[in-house]
Amino acid sequence: MAHKLVIKRGKKAGAAPGTLVHVGEHNNAEVTLQVIDYDQHHLREFELHHPDDCADLLTSDSISWINLNGSHQVPIIESLGKLLQLHPLVMEDLLNTDQRPKLEAYDGYLYIVVKMLQFCDKTQEIRTEQLSLILSDRLLISVQEHPGDVFNGVRERLRNGRRQRLLQADYLAYTLIDAVVDHYFLLLESLSDQIEALEGELVTQPTPNTLSKIHHFKREMLLLRKAVWPLRELLSRLMRDENPLIGDETRLYLRDVYDHTIHILDTIETLRELLVSMLDLYLSSINNRMNDVMKTLTLIATIFMPLTFIAGVYGMNFEFMPELGYPWAYPAVIGFMLIVTLGLVLYFRRRHWL
Amino acid sequence: MAHKLVIKRGKKAGAAPGTLVHVGEHNNAEVTLQVIDYDQHHLREFELHHPDDCADLLTSDSISWINLNGSHQVPIIESLGKLLQLHPLVMEDLLNTDQRPKLEAYDGYLYIVVKMLQFCDKTQEIRTEQLSLILSDRLLISVQEHPGDVFNGVRERLRNGRRQRLLQADYLAYTLIDAVVDHYFLLLESLSDQIEALEGELVTQPTPNTLSKIHHFKREMLLLRKAVWPLRELLSRLMRDENPLIGDETRLYLRDVYDHTIHILDTIETLRELLVSMLDLYLSSINNRMNDVMKTLTLIATIFMPLTFIAGVYGMNFEFMPELGYPWAYPAVIGFMLIVTLGLVLYFRRRHWL
Amino acid sequence: MAHKLVIKRGKKAGAAPGTLVHVGEHNNAEVTLQVIDYDQHHLREFELHHPDDCADLLTSDSISWINLNGSHQVPIIESLGKLLQLHPLVMEDLLNTDQRPKLEAYDGYLYIVVKMLQFCDKTQEIRTEQLSLILSDRLLISVQEHPGDVFNGVRERLRNGRRQRLLQADYLAYTLIDAVVDHYFLLLESLSDQIEALEGELVTQPTPNTLSKIHHFKREMLLLRKAVWPLRELLSRLMRDENPLIGDETRLYLRDVYDHTIHILDTIETLRELLVSMLDLYLSSINNRMNDVMKTLTLIATIFMPLTFIAGVYGMNFEFMPELGYPWAYPAVIGFMLIVTLGLVLYFRRRHWL
Amino acid sequence: MAHKLVIKRGKKAGAAPGTLVHVGEHNNAEVTLQVIDYDQHHLREFELHHPDDCADLLTSDSISWINLNGSHQVPIIESLGKLLQLHPLVMEDLLNTDQRPKLEAYDGYLYIVVKMLQFCDKTQEIRTEQLSLILSDRLLISVQEHPGDVFNGVRERLRNGRRQRLLQADYLAYTLIDAVVDHYFLLLESLSDQIEALEGELVTQPTPNTLSKIHHFKREMLLLRKAVWPLRELLSRLMRDENPLIGDETRLYLRDVYDHTIHILDTIETLRELLVSMLDLYLSSINNRMNDVMKTLTLIATIFMPLTFIAGVYGMNFEFMPELGYPWAYPAVIGFMLIVTLGLVLYFRRRHWL
Amino acid sequence: MAHKLVIKRGKKAGAAPGTLVHVGEHNNAEVTLQVIDYDQHHLREFELHHPDDCADLLTSDSISWINLNGSHQVPIIESLGKLLQLHPLVMEDLLNTDQRPKLEAYDGYLYIVVKMLQFCDKTQEIRTEQLSLILSDRLLISVQEHPGDVFNGVRERLRNGRRQRLLQADYLAYTLIDAVVDHYFLLLESLSDQIEALEGELVTQPTPNTLSKIHHFKREMLLLRKAVWPLRELLSRLMRDENPLIGDETRLYLRDVYDHTIHILDTIETLRELLVSMLDLYLSSINNRMNDVMKTLTLIATIFMPLTFIAGVYGMNFEFMPELGYPWAYPAVIGFMLIVTLGLVLYFRRRHWL
Ligand SMILES: [Mg+2]
Ligand SMILES: [Mg+2]
Ligand SMILES: [Mg+2]
Ligand SMILES: [Mg+2]
Ligand SMILES: [Mg+2]
Ligand SMILES: [Mg+2]
Ligand SMILES: [Mg+2]
Ligand SMILES: [Mg+2]
Ligand SMILES: [Mg+2]
Ligand SMILES: [Mg+2]
Ligand SMILES: [Mg+2]
Ligand SMILES: [Mg+2]
Ligand SMILES: [Mg+2]
Ligand SMILES: [Mg+2]
Ligand SMILES: [Mg+2]
Ligand SMILES: [Mg+2]
Ligand SMILES: [Mg+2]
Ligand SMILES: [Mg+2]
Ligand SMILES: [Mg+2]
Ligand SMILES: [Mg+2]
Ligand SMILES: [Mg+2]
Ligand SMILES: [Mg+2]
Ligand SMILES: [Mg+2]
Ligand SMILES: [Mg+2]
Ligand SMILES: [Mg+2]
Ligand SMILES: [Mg+2]
Ligand SMILES: [Mg+2]
Ligand SMILES: [Mg+2]
Ligand SMILES: [Mg+2]
Ligand SMILES: [Mg+2]
Ligand SMILES: [Mg+2]
């Protein structure tokens, strides 16, 4: 079964704006907070279980990246919101995993939503996980739905490299977005491999299953475009809006990831149009084969119907059919039948049916 | 029968601008005015039958929400208009239930039109009800077509919560629009459930009825988009235009509902494209099955026509057909027939028709 | 025969800019000028036959509406142009009935072109008549192709109502445009009734004629859109451009008719997409029926071809066919035939062909 | 053979910018320069063979229109360029007949490219000729590919009318563009006549040739749109850009021709969509006829296959077939055959196949 | 096998921004640096093997064009980056051959990416090579994937012509882009020749192979558009952005190449729409031929089924069939058969099936 197009919001409709209700797949896992706290000279890495334990990080001079795995526990999000004095709408959105990628500026912090995407080889489907980022002066909070993400490279570099640690929280936010977008390329590689394989199948031996697959990939492209398209505007605004939280050097890097996003959207569009063209090809090839089948039928009928008729005539039981008595009549009729057949075959040759 | 695409305007054409004529379904119900009048400390809730009874509410310091159920009675709307000194065009629009969602700024008040939508499970159709809002300083008038709406949550929160009562009429207007938009998500859930069920049906056993349903949902999506699309611009202007009636805090909340609207429009577009792709899939699967049918026919004809012809030949009544006299002739002919059949079956195997 | 897509311009090509040549259907009718001259206290209504007789109206303090029925007489238009000192291009355009709706500002007057549309029930076609308006300080000239228009309501209100007479010529121009746009709604009602009837026909019993009708309405929608689309920009500019001829109160009214125009364009677009979807439905239903026909044929052939073959075998005239002599052979063959038939019927049942 | 979609540039690729190479159809004709030199009181008209002979015209106070027939001779263009001190890129473009319509402002002159179009009745194709205009203070150079153009009306008016001679070179340039655009209307008249005739053919008796014609006209519309579309922006800029070479009065006239261009583009778009709809109609009507053919076949087969089977049964040669001996058996079988036929006919009637 | 739609990025995902990894086809060739160093009076041309050998060129007064063949060697790019103090993102992009054409301004230099395209006649595919340009004050670096390019004309002109050598590095960059764009015209010539040949094939004798070719060219057009489309904005910005590196005279030339790009995009769009129309034509012609086949079959069946039935009737073995004894019965039946045949032929004539 394919993934849902629209995620159920349950009791959400009619609730007060800012009501804290989790919207998304049911999830029982414990929530963890992975903290990496660093400055140019030191790096501490530890795990917490409640936002209130982060309080002292907020006032320190070092840069803190708090990664919350699991956006489904309302009290945790509520505590986090209180601690950081988040706007109720931000808290609401942290709990709602069915959102468009977006950027919202609040007093003192930026709220960013993007989608982490993964291609599941077994179901041939794109799996989505929502990533929320809250960026303030020396602090970056990332909230994801489940443990497991695409940021191990970033963590490794923080632990090892000095260069990375010189930079501010805005650059850290950029590296997370960059890692997400880099994984879109991997996703497109998988998808385009599959689509090109399908294109080959279409030429060599199309089956009704080929058709379902074309439809399936068109559907996935629709969902993919829906997840990536808003990122374009998000990054363009992040890069251009005047906001003291984003430094000039980081803007150069944002231009780079913006550029990648456009490249990805171009590729999505190209794959979509290719799928449309493949469907046309499929339809035409069905029609071509139907034509072949019809020609075979018509050929057989056109040759054997007259012959059977002739045989039928001489199978009639009239008493006075003089031909029946002539010794040469039988070979003559057989010969006539051969001539008719030959004539029809020649006729079909000329009309390029044979 | 499907709902009308264009609502009859009757005697409206050629009438003076600002002429007060009801445009919409005939309606005999009595009109009621539900009033909720509140400030931070008190809340009064009562029902009136004529706008003139509201006169004292307009001058009080408390915030008044007057909800008029039934926009079909011209004299009631006329009285309301006189009382509030509404522009004749606003009065005309209050009576006209066939309008695009829109926002119009007048001196001292804003006039807003949105559509409340509901998915009727029985007819599988979207039902529309028009909601007009008139927002002025401490006053919010809502005019709907029939009693019954999506605002019970809002009323409950006004009665219970203090927080809500601290806020001004602009925030109240926002909560009504937010409740309307929240119900669009419910509508989309129903629609996408139906469309996904249809998608399953398409794969397992498509019938001509599947086709009608695809067309039906395409039609509904057209109407849905027509109702939601203008909301985008409406909210964008409400959020950005400089108008002292809308406070800064409310603008933040409007950004949230604006965001939801874009999400909804994205989903509508995705569902529409999915329906187009489903139609292509349906057409292809019909063609595929036609191919199967034709192959069966051609197979049968190609095998039995030659056999029947051979039988016909030996059914001819010529006197001089020496074969007829040989004892082994009958089994020989039957054997030849078997060989022909076998040959054809092998031939069809090779061409992948069997 | 359908109306022409492009109106012949005859000797127009290559003529000097501003050359006065009538472009449109041939027309012999006499030209009349209906004058309504009014101020707050008086109203005079009379008919003239030559523009020169209007000279004194131009200098009076009252507001004059001169309605010219018949734009085909070059000398009349020339006199009018001289009297009002119109630009040669305006005079040329007054004579040319094949124009896009447009707004042109000249020194001291505005030149407006719109299309009056009517749905002809007999031919099921939209009929177009061009309306030119020249609006200056206390003067409104309207030029139409034939006598007969949609302004009787406006005339009635001028004669009776005081309110209307208080307002200036700009408001009068607005009421004419509003009357034209109001009739577009009537047109859309007729069209959508026809299209919905067609939609019903499509489901119950589609015929090749249904197809022609779908094409016909698509054609009409193309022409309709071409006539209405430019009105949107025309009204937007009329409403926004700073021009002393248009008063602030009239701008509010123009916003209303602008809004109607967008509503109409939305509806046109919806009807167009509905027609496209109807065509898809039609094509699919033809394919469905073809499938049924083919199934019937294949069924019949698959059952009777083997049976006829068996009968043919026992119709062969070999001397040594021992079966022919057994008394139970005939009922045995008939029984075998029944079994074959039954087997095939069961097979078709299982493949859902019966 | 259809005209080329892309014109060969031969040795052009890789050449220096501003390299003077003719791009276009090979042409051997002699180049002529037709000069009309005029002021309010005098008009001289003569022919030259080399640009250098024009030198004195450039310094005189009269207005000079130099029309060069033949853009294929590199030395002529080179001399012209030197004389007028044209930018190398302009000289290059004068020689290149495969360009988009465009407007380029240089110091002291404007360079304009438009396309003269003609419908060739024999090949049913649009023929293109490039027209370059160079407009400076009292000078207008027009460069066309071959002798013969649409400017005879303009020449006539210059010779006769005083009014035209009062105006400056900018107005003259406008009249040339206006004449070109006026001929687009003639072209559209021819095309729409052909397309409407095709539409009639489609309804009465569509043939495979009808299909080729639809494709042919779609192709022509593509090329037409490509030639006209850029004119819109060209005229809009000519009309709006601040350039002392274009006077205010001429801008009014440019607005008129701009308006015509939009009208033409609207009509092109309408014709294109009509052609798309016609193709759908054609496809559906083929399918309809195929349906008819299949029904006929199925009818015949369904009636005669059972009958032939029955006849086959009684043609079997079993010794013990008691029916064969009864005198009423033959008429009974014939009667049974009639009943079967009748039953099938009634069945087909009920399914609306007959 | 067709070229890949998405190029593998290998270990790139998750790497640090600015990580230097080659993305593209594997390549072992040695990297060479071709230097042309010139001023108005001198020109030196030589080859180097390491960027560090260029150090003295950077400080000289002459203009240096350093062309690096081979973007696959990370250490070379790294040295080049260090020498020129390039931003890490630029170094990363120099190594990544899968990029959209783009323009990025950095302090003191511009970074430009365009695509060199070539039509491979053997595989009928477009081959892409990425060209990066780094333009600073008296320096132009070009980085391409392989040796071999479209710049021999430029080199020749530098060696011979004085005029070219007067100009600055910005003009040199322009000439390279111009040469690239000029080769797009050659590509379009090849493509349009192939597509027109295909169009001819479609009319004379369409085969299933024709269909694959249409799909193939649609695919190529998608990739072509993806490579050219971003160039439009790139050139528009290069021409308009205020950047001291681009001189006024060069801007005139950039307008010329911008114009060519739009022309190319127009042609791509036209070819794409032509291919879509060709596919429709192909589908219709298949349907037409299927119609012909079906008509033939129906004709044959409709004529011979009744005849065979009649023969079958008189082949029945009833004892009491009086007709069988009459001497005129056989010729009468044959005559009746002829009449039936004739009647059917006339009937088919009237329905235009023959
Ligand atoms: Mg809510
Ligand atoms: Mg939210
Ligand atoms: Mg998830
Ligand atoms: Mg990156
Ligand atoms: Mg693109
Ligand atoms: Mg798009
Ligand atoms: Mg298509
Ligand atoms: Mg009205
Ligand atoms: Mg209104
Ligand atoms: Mg309603
Ligand atoms: Mg909400
Ligand atoms: Mg979208
Ligand atoms: Mg379609
Ligand atoms: Mg003219
Ligand atoms: Mg005009
Ligand atoms: Mg008319
Ligand atoms: Mg109105
Ligand atoms: Mg819309
Ligand atoms: Mg060049
Ligand atoms: Mg050029
Ligand atoms: Mg030409
Ligand atoms: Mg004109
Ligand atoms: Mg239009
Ligand atoms: Mg378009
Ligand atoms: Mg189509
Ligand atoms: Mg990276
Ligand atoms: Mg990069
Ligand atoms: Mg390459
Ligand atoms: Mg060039
Ligand atoms: Mg174009
Ligand atoms: Mg386009």
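Throughout, a chain's letter reflects where its sequence line sits, starting with A, and its residues are numbered from 1.
No other option in E/Q205, E/H215, E/H87 has as many heavy-atom pairs under 4.5 Å with chain A as E/H215. Among the candidates A/G153, A/G200, A/A301, A/P306, the residue making the largest number of heavy-atom pairs closer than 4.5 Å to chain E is A/P306. Chain E forms more heavy-atom pairs under 4.5 Å with one residue of A/S192, A/S284, A/A311 than with any other, namely A/S284. Interface remark: of the candidates A/T298, A/L271, A/V154, A/T298 forms the most heavy-atom pairs closer than 4.5 Å to chain E. No other option in A/L252, A/T308, A/L191 has as many heavy-atom pairs under 4.5 Å with chain E as A/L252.
Two residues are said to be in side-chain contact when any heavy atoms from C-beta on lie closer than 4.5 Å; A/D280 and E/L283 fail this criterion. Inter-residue side-chain proximity for A/M278 and E/K218 is flagged as unmet; no heavy-atom pair is nearer than 4.5 Å. At least one side-chain heavy atom of E/D98 sits less than 4.5 Å from a side-chain heavy atom of A/H263. Within the 4.5 Å cutoff, side-chain heavy atoms of A/D256 are placed close to those of E/E92.
Within 6.0 Å of atom CD in E/Q124, more than 12 heavy atoms from other residues, nucleotides or ligands are found, so the atom counts as buried in its surroundings. For E/E233, the CD atom is loosely surrounded, since the number of other residues' heavy atoms within 6.0 Å does not exceed 12.
Here the CG-CG distance, from A/L281 to E/L211, works out to 5.0 Å after rounding to the nearest 0.5 Å. Taking CZ of A/F185 as the reference point, atom CD1 of E/I7 lies at 10.5 Å (rounded to 0.5 Å). For the atom pair E/F304 CZ and A/L307 CG, the distance stands at 9.0 Å (nearest 0.5 Å).
In this structure, the portion of A/Y171 lying under 4.5 Å from any heavy atom of chain E is its side chain and not its backbone. In this structure, chain E has heavy atoms under 4.5 Å from both the backbone and the side chain of A/I262. For E/I334, the part lying near chain A is the side chain, with the backbone staying farther off; criterion is any non-hydrogen pair under 4.5 Å. Looking at A/V313, the atoms closer than 4.5 Å to chain E (heavy atoms on both sides) sit in the backbone and in the side chain alike.
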Could you list the donor-acceptor pairs under 3.5 angstrom formed between side-chain atoms of residues 287-296 of chain A and any protein atom two or more places apart in sequence or on another chain?
residue : atom : partner : partner atom : Å
A/N288  : OD1  : E/Y282  : OH           : 3.4
A/N288  : ND2  : E/Y282  : OH           : 3.0
A/T296  : OG1  : A/D292  : O            : 2.9

What side-chain donor-acceptor pairs closer than 3.5 Å can you find for residues 314-327 of chain E, not counting sequence neighbours?
residue : atom : partner : partner atom : Å
E/N317  : OD1  : A/N317  : ND2          : 3.1
E/N317  : ND2  : D/G315  : O            : 3.0
E/N317  : ND2  : D/M316  : O            : 2.8
E/N317  : ND2  : D/N317  : OD1          : 3.1
E/E323  : OE2  : D/Y330  : OH           : 2.5

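Pairing each heavy atom of A/T175 with each of E/P17, the nearest pair is CG2-CG, 4.2 Å. Of all non-hydrogen atoms in A/L274 and E/L222, the two that sit nearest each other are N-CD1, 3.8 Å.
Using a 4.0 Å cut-off between charged nitrogen and carboxylate oxygen, A/E273 and E/K226 do not count as a salt-bridge pair.
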